[in-house]
Amino acid sequence: MEEVIGAVEDHVNQMADLLQQFTAEFRSGLRPAYDNFIGFFHAIDWKEPWLQCLMSFHVILLLVILFSRKHTNFQMCLFLLALSGVYFAESINAILSRNWKSFATQNYFDRQGIFLSALWSGPLLMNAVLILIITLVSLCIQMVKWKKAELRHKARLARSKQE
């Protein structure tokens, strides 16, 4: 019995060592991505008025989405507007890269559109996903209500036939 307990303890220790090695490699592999992410956000001057307006726009849009969750048609309009904002992000990036001196202290708008993707398209996509989730939940609730009404109607018909 002691041999089995010793073998199990050895196995557990070996698994713990493997897990430690794996997590250490995983963290060291993620370190460059994390450093780039932190460097990206430290390179931005968050006190610029246009960036504060952009962030305020995203917060206001999120609040409008949350407060209008019962209005499906309005939500669909917001959904289409958010997706069209993402669709036109490349064009917006090109326009902003040509005219950045009129509103910013530095040119944030590179050819790849990384900045605009992170601060314009990313939040718009998140809002679009939120609208989609709200719509799907609303659809499920409506389907349950409809099915309950259908079952009540069938029960009423069955009762009226029996009488």
Side-chain angles (χ1 to χ4, degrees), residues 11-150:
H11 182 69
V12 168
N13 290 336
Q14 190 177 26
M15 292 302 292
D17 290 341
L18 285 173
L19 185 63
Q20 261 185 338
Q21 289 174 356
F22 173 75
T23 55
E25 284 183 39
F26 187 71
R27 278 183 275 157
S28 68
L30 286 179
R31 179 51 92 192
Y34 174 77
D35 291 341
N36 286 340
F37 180 76
I38 295 300
F40 174 79
F41 283 101
H42 282 291
I44 298 170
D45 180 13
W46 294 102
K47 293 180 180 168
E48 291 197 38
W50 73 275
L51 279 173
Q52 291 176 349
C53 288
L54 180 65
M55 293 299 113
S56 299
F57 165 76
H58 288 305
V59 169
I60 290 169
L61 180 62
L62 178 65
L63 292 174
V64 167
I65 289 169
L66 293 175
F67 288 127
S68 68
R69 66 185 179 275
K70 304 265 186 210
H71 305 284
T72 308
N73 290 336
F74 181 67
Q75 291 263 311
M76 286 302 104
C77 290
L78 288 177
F79 182 75
L80 292 174
L81 287 173
L83 291 182
S84 58
V86 172
Y87 179 77
F88 290 113
E90 188 176 355
S91 303
I92 294 169
N93 189 56
I95 292 167
L96 293 177
S97 69
R98 285 193 302 267
N99 301 312
W100 68 270
K101 290 180 183 176
S102 63
F103 62 90
T105 58
Q106 58 182 329
N107 187 3
Y108 294 107
F109 309 101
D110 59 339
R111 274 189 218 210
Q112 293 82 18
I114 301 296
F115 179 79
L116 205 65
S117 293
L119 295 181
W120 172 254
S121 298
L124 284 179
L125 284 173
M126 293 296 190
N127 284 331
V129 167
L130 178 63
I131 291 171
L132 189 62
I133 291 169
I134 289 170
T135 304
L136 289 174
V137 167
S138 174
L139 179 67
C140 289
I141 290 170
Q142 290 299 322
M143 287 173 60
V144 167
K145 286 180 182 178
W146 179 64
K147 194 62 178 177
K148 282 181 181 178
E150 181 184 10

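The basis for the numbers below is simple: all heavy atoms, side chains too, and nothing from hydrogens, waters or symmetry mates. Bear in mind that the values here come from a model prediction, so they are computed numbers and not experimental data.
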Shortest non-hydrogen contact from Pro123 toward Ala118: CD-O, 3.4 Å
Rounded distance [0.5 Å steps], CG in Asp35 versus NE2 in His42: 10.0 Å
side-chain contact (heavy atoms from CB on, under 4.5 Å) assessment of Val12 paired with Met15: CA-CA 5 Å; Val12 168; Met15 292 302 292; 5.7 Å; no
Minimum-distance pair of heavy atoms, taken over all atoms of Gln52 and Lys47: NE2-CA, 3.6 Å
Sequence-distant partners of Trp100, side-chain hydrogen bond (donor to acceptor under 3.5 Å, both in side chains), two or more places apart: none
Trp50 and Phe109 aromatic centres sub-6.0 Å: yes
is_close_aromatic(Trp46, Phe41), centroid dist under 6.0 Å: yes
Spacing of Leu18 atom CG and Gln20 atom CD [to the nearest 0.5 Å]: 10.0 Å
Non-hydrogen atoms of Leu66 and Arg69 that approach each other most closely: O-NH1, 2.8 Å
Side-chain touch Leu125/Leu83, heavy atoms, less than 4.5 angstrom: yes
side-chain contact (heavy atoms from CB on, under 4.5 Å) assessment of Leu51 paired with Tyr108: CA-CA 11 Å; Leu51 279 173; Tyr108 294 107; 4.3 Å; yes
Ser138 side chain vs Ile134 backbone, donor-acceptor pair below 3.5 Å: no
Backbone of Ala43 reached by a side-chain donor or acceptor of Gln106 within 3.5 Å: yes
Straight-line distance of Cys77 SG to His71 NE2, nearest 0.5 Å: 12.5 Å
More than 12 heavy atoms of other groups within 6.0 Å of Met55 CE: yes
Criterion side-chain contact (heavy atoms from CB on, under 4.5 Å) against Val129, the qualifying member of Ile131, Asn127, Ile133: Ile133
Lys148 side chain near Lys145 side chain, heavy-atom distance below 4.5 Å: no
Closest heavy-atom pair and its distance - Ile65, Gln75: O-NE2, 2.8 Å
Inter-residue atom distance Leu124.CG - Leu81.CG, 0.5 Å rounding: 10.0 Å
Nearest heavy-atom neighbours spanning Ser68 and Leu78: OG-CD1, 4.2 Å
Any side-chain heavy-atom pair of Leu62 and Leu130 under 4.5 Å: yes
Side chains of Phe115 and Ile44 in contact at under 4.5 Å (non-hydrogen atoms): yes
Gap between atom CG of Leu119 and atom CD1 of Ile114 - 0.5 Å precision: 11.5 Å
Considering all heavy atoms, the nearest Glu48-Ala104 contact: OE1-CA, 3.2 Å
Spatial distance of atom CG (Leu136) from atom CG (Leu132) [nearest 0.5 Å]: 4.5 Å
More than 12 heavy atoms of other groups within 6.0 Å of Tyr87 OH: no
Asn73, CG: over 12 other non-hydrogen atoms inside 6.0 angstrom: no
Positive for side-chain contact (heavy atoms from CB on, under 4.5 Å) with Trp120, one of Ile92, Leu96, Asn93, Val86: Ile92
